[in-house]
Amino acid sequence: MTNFIEILIRGVMLGSLYALVGMGLTLVWGVVGIVNIAHGEFVMLGAYLAFWSFSLLHLNPLLSVVLAIPVFFFAGTMIHKRITERLTKAPELSALILTFGMSILIWNLAQFFWTNTYRSVPYLTGSFPFFGLVFAKSKTVSFFLAIGITAALFAFLKYSRLGKGIRATSQNPEVALVCGINTIKMRAVTFGMGIGLAGAAGAIVSLQWVIFPQMGASYVSKAFAIVVLGGLGNIQGALAGGLIIGVLESLVTQYWSAKMAQIIPSMTILLILLLRPTGLFKR
Amino acid sequence: MKKEDKKGLSRRDFLKGTVIGTAALGMGGFAGKTVFAQAKAPIKIGVAISLTGAWAREGELEAGGYKLWGKVINERGCTFGEVEKLGCPGPGLLGRQVEFVVYDDKSDPSEAIKLIRKLVVSDKVDLILGPYGSAVSNAIAPLAEDYKIPIITPLANAPVIWEGKKREWFVGVLPAAWRNLFGCLQIGKEKGVKTAAFIYSDTAFPIGATRPLVARAKEMGIQVVLDEAYPKETADWEPMMSKAWSQKPDLIIGGGYLPDSIGLVKAAKAVNATPKMFGFLVGPAISDFAKSLKGDATYVTGETFWEPFVKTPGNLDFYSAYLKEYKSEPSYHAAAGFAAGQILERAAKEVNNIEDKKALRDKLYSIKTTTIFGEYEVNPLGHPDSGWQVGKATNLIQWQKAEGKRLLPNQVAIEGMVKQIVFPSGVKTADVIFPFPGWGK
Amino acid sequence: MKDLIGGHKTWLGIAILMAFLTLIPFFATDYWMTLLVLILIFTVYASGWNLFSGLTGYTNFGLAWFIGVSGYVSSLLIADHKFFWLFAWPIGALFVGIVSIGVGYILLRIKGVYFAISMVALTEGTRELIGTEYLEPITHGGKGVPFVAGISLSALYWSVLLLAFITVIICYKITSSKFGLRLMAIREDEQAAETMGIHTTRDKIIAFALSAFLTGLAGAIHFTYQNYIDPSFGFTIHLTLTPIVMTLFGGVGTVFGPAIGATLFTFIHEILWAELTILYMAIFGAILIALILFFPQGLLGWMKERGILPRIRKI
Amino acid sequence: MELGIWLLEFGTQVQQAYFLKELKRNRMQKEPLLRIDDVVKKFGEVVALDHCSFDIERGSITGLIGPNGAGKTTLFNLITGVLQPDSGHVFFKGEEITGKKPYEIARKGVGRTYQIIRIFPKMTLLENLIVVGKGRERKVMERAMELLHLVRLLEKRDDYASDLSFGQQKLLSLAQVLMFDAELILLDEPAAGINPTLQNELMALIHRLNEGGKTFIIVEHDMSVIMNHCQNAIALNYGQKIAEGSCSLVQQDERLLEHYFGR
């Protein structure tokens with residue numbers, strides 16, 4: 001039983017990180033209308049940001065998480081203004097191919113500059129006991145960071161003027177435009193936020209896992225499952241979806257097999273698309 | 001950044017060399033023709049190897065070994081160790097300069113097939129040295145038979161390549177994969193362990209290296225509490241490690257490649273797994289492992305085929321030559337690449353000709369020699385598993401604290417730890433530390 | 001509907017080209033033949049993709065699924081059941097063709113990006129499924145299936161040449177047929193097409209299965225050429241994306257676009273990669289971005305727009 | 001002997017079958033071309049059609065009127081099978097078509113045009129027609145040319161449909177419906193947004209086709225179009241039929257006027 005609870009909680013911790021990646025993807029997809037295949041690459045860049053600032057500047061990786069958000073936000077808005085804004089009226093295939101090209105470009109440049117060497121940030125390794133259960137320090141801290149960022153995101157969307165504008169743009173861009181909302185700006189800001197979330201998630205990932213140029217790919221498929229599960233553009237849905245995927249992965253690995261756990265994301269996508277194309281959670 | 005540049009072989013320098021070399025040869029071998037106009041034509045050696053993609057790191061190290069061998073033989077006419085006894089007649093192999101034509105197979109077997117054909121047919125190379133890894137080696141092995149050109153593949157040992165295949169033109173350098181972590185079982189048995197868990201990546205090499213051990217563990221009376229392959233795409237090893245540790249086994253054995261071993265150690269610490277011994281594939285022998293894990297790498301064991309401090313003939317010379325050439329530490333990949341060159345060198349010198357491919361092949365299948373990498377002997381022609389390396393032993397290393405130990409020549413401390421060979425007893429440099437004392441101890 | 005390409009000169013040109021291509025094994029080197037084999041395989045992939053996605057507008061992001069499933073079936077038949085390659089290939093292709101009728105029936109009701117994602121999920125899911133403990137006894141799981149089909153390079157080349165020729169002819173015939181027009185109507189406005197009496201579901205499924213069969217056949221040949229298949233090579237996303245990029249390069253929805261795209265693309269790739277080993281992939285990514293931003297209609301589309309080629313569908 | 005009995009039985013069966021078929025045909029001829037029977041359609045809480053019933057006779061031109069959101073387009077979608085009713089039935093030529101697929105209904109002879117034109121823009125005019133045609137290639141081609149001539153777009157046959165003007169696109173859309181020999185043609189605001197000359201031309205064409213035996217249901221906001229061109233009118237509001245009858249009758253209906261003209 002303790003084992004079960006331990007695994008459940010680990011699943012939630014894992015899920016919180018997935019949710020962070022998924023929320024970024026769903027924001028960009030829902031508001032900007034772009035399926036960003038390169039999303040995982042920004043997670044990778046976030047992880048490298050944390051790694052380099054740790055190993056060169058001896059910056060605490062937790063600070064890197066905070067640092068990553070504005071850096072990636074700014075980068076994201078620039079990328080959108082220069083490149084992806086042109087895609088808003090193009091067919092969906094264009095966005096898929098373009099962001100795929102972006103993904104290849106980014107990870108290969110990363111490979112070129114930083115080589116294939118596998119790296120990790122040896123910080124907060126190990127575990128601590130908690131009422132007879134054992135939890136990883138890094139994951140626990142990551143969990144609270146992820147929760148903090150999620151809460152801040154919710155508050156921002158709910159209460160700030162900009163956040164309201166983003167929600168309006170996501171619900172009906174034409175009406176929003178008529179109401180005097182600068183939808184181009186909104187889209188750029190949202191794209192920036194999505195990338196910012198990916199960067200933050202990457203910095204958190206650096207605490208837990210191995211860092212290498214091609215690591216982004218493994219997050220994208222999970223993020224897609226989360227977006228489909230939670231419903232397109234639905235932030236709360238993505239949060240719930242991330243937690244569900246994380247918990248399922250933990251439980252299935254333990255009580256069934258790791259290979260079956262790996263099938264979960266793709267099966268989720270297929271099932272949800274067939275049974276409830278709008279996602280599991282109502283907006 | 002600086003620190004990073006020093007470690008490993010600098011990729012840009014390396015590639016510059018590759019590309020320029022390739023380009024020159026691609027244009028009809030101008031360099032060769034002008035410089036060595038008076039001498040005999042150079043020996044062209046073709047290499048299609050992973051310089052990008054999943055196995056880029058391993059591939060570039062291996063290719064580094066090849067090139068170093070070429071450079072040394074071009075300068076001296078022989079390389080180090082046993083082959084030196086055959087004499088050093090001056091520049092080149094059999095008096096001819098060695099040139100490499102190197103292509104990148106992008107870690108894709110399909111690409112490698114095309115490139116081997118290109119090397120044989122368009123570039124008309126005289127000889128071929130193998131790619132990195134079992135998957136690509138397996139894909140190109142039939143081409144060696146088709147073109148009747150001998151290929152020495154230094155870094156492939158999955159059983160599927162040789163088992164029952166009767167390969168006639170394809171020889172390996174690595175010992176069979178199941179030997180990799182066999183030392184863990186042996187040591188465990190001696191120390192009286194009762195249970196073991198096996199977790200490994202679901203790809204050809206880890207399966208080939210781990211599954212036979214599961215059977216052997218049972219034969220040895222060790223209870224196997226978990227035998228599970230995890231998906232290749234795994235990025236978080238914590239659930240898997242947690243599953244293994246929930247059975248509280250005495251041994252946790254498995255892994256896949258470098259990231260697996262790093263991830264598994266991190267995960268083991270994160271779930272506070274403290275079995276009596278850890279044994280992981282590939283990673284522990286590579287210095288990146290210790291560099292990224294720091295102190296947590298201590299007491300983890302893994303297989304090694306070669307170390308800078310092993311006492312194979314000529315090893316010290318190789319080590320210093322490599323350090324001089326690339327300004328960084330060689331790994332066993334580089335040593336294996338160099339050794340493949342040495343095997344070729346020995347066979348060529350004994351046949352005294354490289355035109356007669358069949359004679360060369362026969363020699364490769366029949367010689368027994370020792371390179372800087374260790375013994376070389378393959379199953380002879382006519383054997384069902386012909387071409388499979390049987391001479392070499394696999395050693396087990398364990399990362400131990402460097403403090404208070406006298407280091408052997410070329411034994412380097414990384415993050416306060418050193419690699420010690422702990423198995424088999426004949427070549428060990430230190431006693432194994434058993435059981436695992438716990439994290440941070 | 002002036003039949004500009006139906007002129008005798010054009011057909012004579014095509015006949016000469018085919019004769020030349022057929023005779024290649026008698027004088028070309030193995031390397032050139034290998035290169036041509038890859039070009040032809042990718043021509044079939046790209047044309048097969050275009051046949052369904054280019055005409056119906058349903059973006060198929062699961063081409064690797066067709067290739068991998070057929071590749072697996074045929075490879076297992078050759079490796080474990082000692083089938084002759086010539087029989088194994090069509091069985092693999094038929095298998096994926098028939099299964100894709102069912103898959104199409106289920107998945108083709110999903111529209112837009114979601115369809116693309118569902119196909120990616122299907123590919124990924126199948127790849128994982130092949131590795132599971134349940135299918136491992138049949139598929140060999142992650143160990144992969146190494147085999148030697150005992151086919152000469154020339155035979156391989158002629159097979160794939162014939163296949164590529166048939167594929168292009170089929171694409172040409174379909175594009176200029178009422179069936180092709182119906183598929184295009186689906187792309188333009190599926191609901192309107194349906195209220196005009198077009199059985200859209202049936203037409204989509206037929207095109208989907210035909211595309212699966214042709215790409216599957218090429219996939220079976222591809223893995224025979226490679227002597228090896230395992231889950232990660234059989235279902236890699238590159239097998240989906242490279243043909244799509246080739247099609248975009250040549251022109252989506254055109255008949256010869258995919259073939260031209262595959263040829264040019266493979267050559268550029270061959271040159272670039274020889275010179276720029278490591279930056280090659282990065283440049284590939286940059287080309288993709290540039291293609292979408294500046295060249296969205298592909299080479300043939302661009303030429304048609306400039307009036308270099310007539311604006312007819314049969315090219 | 002047994003064979004004789006069998007033959008006799010068979011003969012009777014054939015006779016019976018013939019009789020039944022005849023009966024069915026007679027009944028079908030008495031049946032109205034289209035019968036809407038107690039149809040209900042809800043979108044969540046909103047009732048788009050509320051127990052709506054009416055008949056459309058062969059050879060008539062019926063105007064369907066009502067304010068925005070009255071359920072006119074929903075009704076069209078239900079008839080053509082794009083949407084399924086929650087309850088109620090739709091009969092075409094006496095045969096139930098509720099639950100049938102749109103293409104099946106279209107093949108039975110129901111055609112429609114859309115309010116926002118939905119032709120196939122990246123196909124030529126000729127292709128736009130050929131694609132919906134049935135039968136042999138040559139016949140289809142001839143018929144397509146004929147119809148393009150009828151809607152005076154013959155010269156533009158090799159242009160992309162997207163190059164046409166709005167009004168021309170409406171004509172093309174009508175030609176498409178004629179192409180697959182629809183008996184009942186549903187027109188969603190055919191006259192809106194096109195110039196009066198073209199409008200007159202279009203209406204004249206509709207009358208000509210009507211004389212040739214086609215039945216029309218027209219949704220139109222311009223009351224003058226309805227009054228001048230339709231024999232009957234049906235008025236909808238909030239998904240309910242509030243009036244039905246000859247045009248003049250409907251116009252006089254108090255409730256309708258209230259709703260429609262805001263009195």
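Sequence lines set the chain letters: A, B, ... in the order given, protein chains first and strands last, and positions in each chain run from 1.
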As an exercise, state the distance from [atom1] of [X] to [atom2] of [Y], rounded to the nearest 0.5 Å.
X: C:Glu128; Y: A:Ile264; atom1: CD; atom2: CD1; result: 11.0 Å
X: A:Ser94; Y: C:Leu293; atom1: OG; atom2: CG; result: 9.0 Å
X: C:Met119; Y: A:Leu273; atom1: CE; atom2: CG; result: 12.5 Å
X: A:Leu274; Y: C:Leu107; atom1: CG; atom2: CG; result: 6.0 Å
X: A:Ile272; Y: C:Ile110; atom1: CD1; atom2: CD1; result: 11.0 Å
X: C:Leu129; Y: A:Met260; atom1: CG; atom2: CE; result: 7.0 Å

Close side-chain approach of [X] to [Y], heavy-atom, < 4.5 Å:
X: C:Ile292; Y: A:Phe100; value: no
X: A:Thr99; Y: C:Ile289; value: no
X: A:Lys259; Y: C:Glu136; value: yes
X: C:Phe284; Y: A:Asn108; value: no
X: A:Leu98; Y: C:Leu288; value: no
X: A:Phe224; Y: C:Val120; value: no
X: A:Ile97; Y: C:Leu291; value: no
X: C:Tyr114; Y: A:Leu232; value: yes

| Atom CZ of A:Phe74: over 12 foreign heavy atoms under 6.0 Å |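 Counting neighbours around CZ of A:Phe74, 12 or fewer heavy atoms of other residues, nucleotides or ligands fall under 6.0 Å, so no.
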| said: Are there over 12 heavy-atom neighbours, none belonging to C:Phe295, within less than 6.0 Å of that residue's CZ? | reply: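 Correct, the count exceeds 12.
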| Which atoms of A:Ile37 come close to chain C, meaning under 4.5 Å heavy atom to heavy atom: side chain ones, backbone ones, both, or neither? |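 Contact with chain C is through the side chain of A:Ile37 alone.
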| Portion of A:Met102 that has a non-hydrogen atom of chain C nearer than 4.5 angstrom |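 When you check distances to chain C, atoms from both the backbone and side chain of A:Met102 fall under 4.5 Å.
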| field | Option that, when pairs with chain C are counted at under 4.5 Å, heavy atom only, ranks first among A:Gly101, A:Ala95, A:Ser221 | value |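 Option with the top pair count is A:Gly101.
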| task | Considering only heavy atoms and a distance below 4.5 Å, find which of A:Leu87, A:Ile269, A:Thr268 pairs most often with chain C. | result |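 Result: the option with the highest number of such pairs is A:Ile269.
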Indicate the atoms forming the closest heavy-atom contact of [X] with [Y], along with that distance.
X: C:Gly125; Y: A:Ser266; value: CA-OG, 3.3 Å
X: A:Leu109; Y: C:Ala282; value: CD2-CB, 4.1 Å
X: C:Ala121; Y: A:Leu270; value: CB-CG, 4.0 Å

[X] versus chain A, heavy atoms under 4.5 Å apart: side chain, backbone, both or neither?
X: C:Phe115; result: neither
X: C:Leu241; result: side chain
X: C:Ala116; result: side chain

| said: Could you tell me if A:Ser257 and C:Glu133 have a donor-acceptor pair between their side chains, going purely by distance under 3.5 Å? | reply: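 There is such a pair between these side chains.
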| task | Name the member of C:Thr126, C:Thr123, C:Leu122 that forms the most heavy-atom pairs with chain A at distances under 4.5 Å. | result |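 The option with the most such pairs is C:Leu122.
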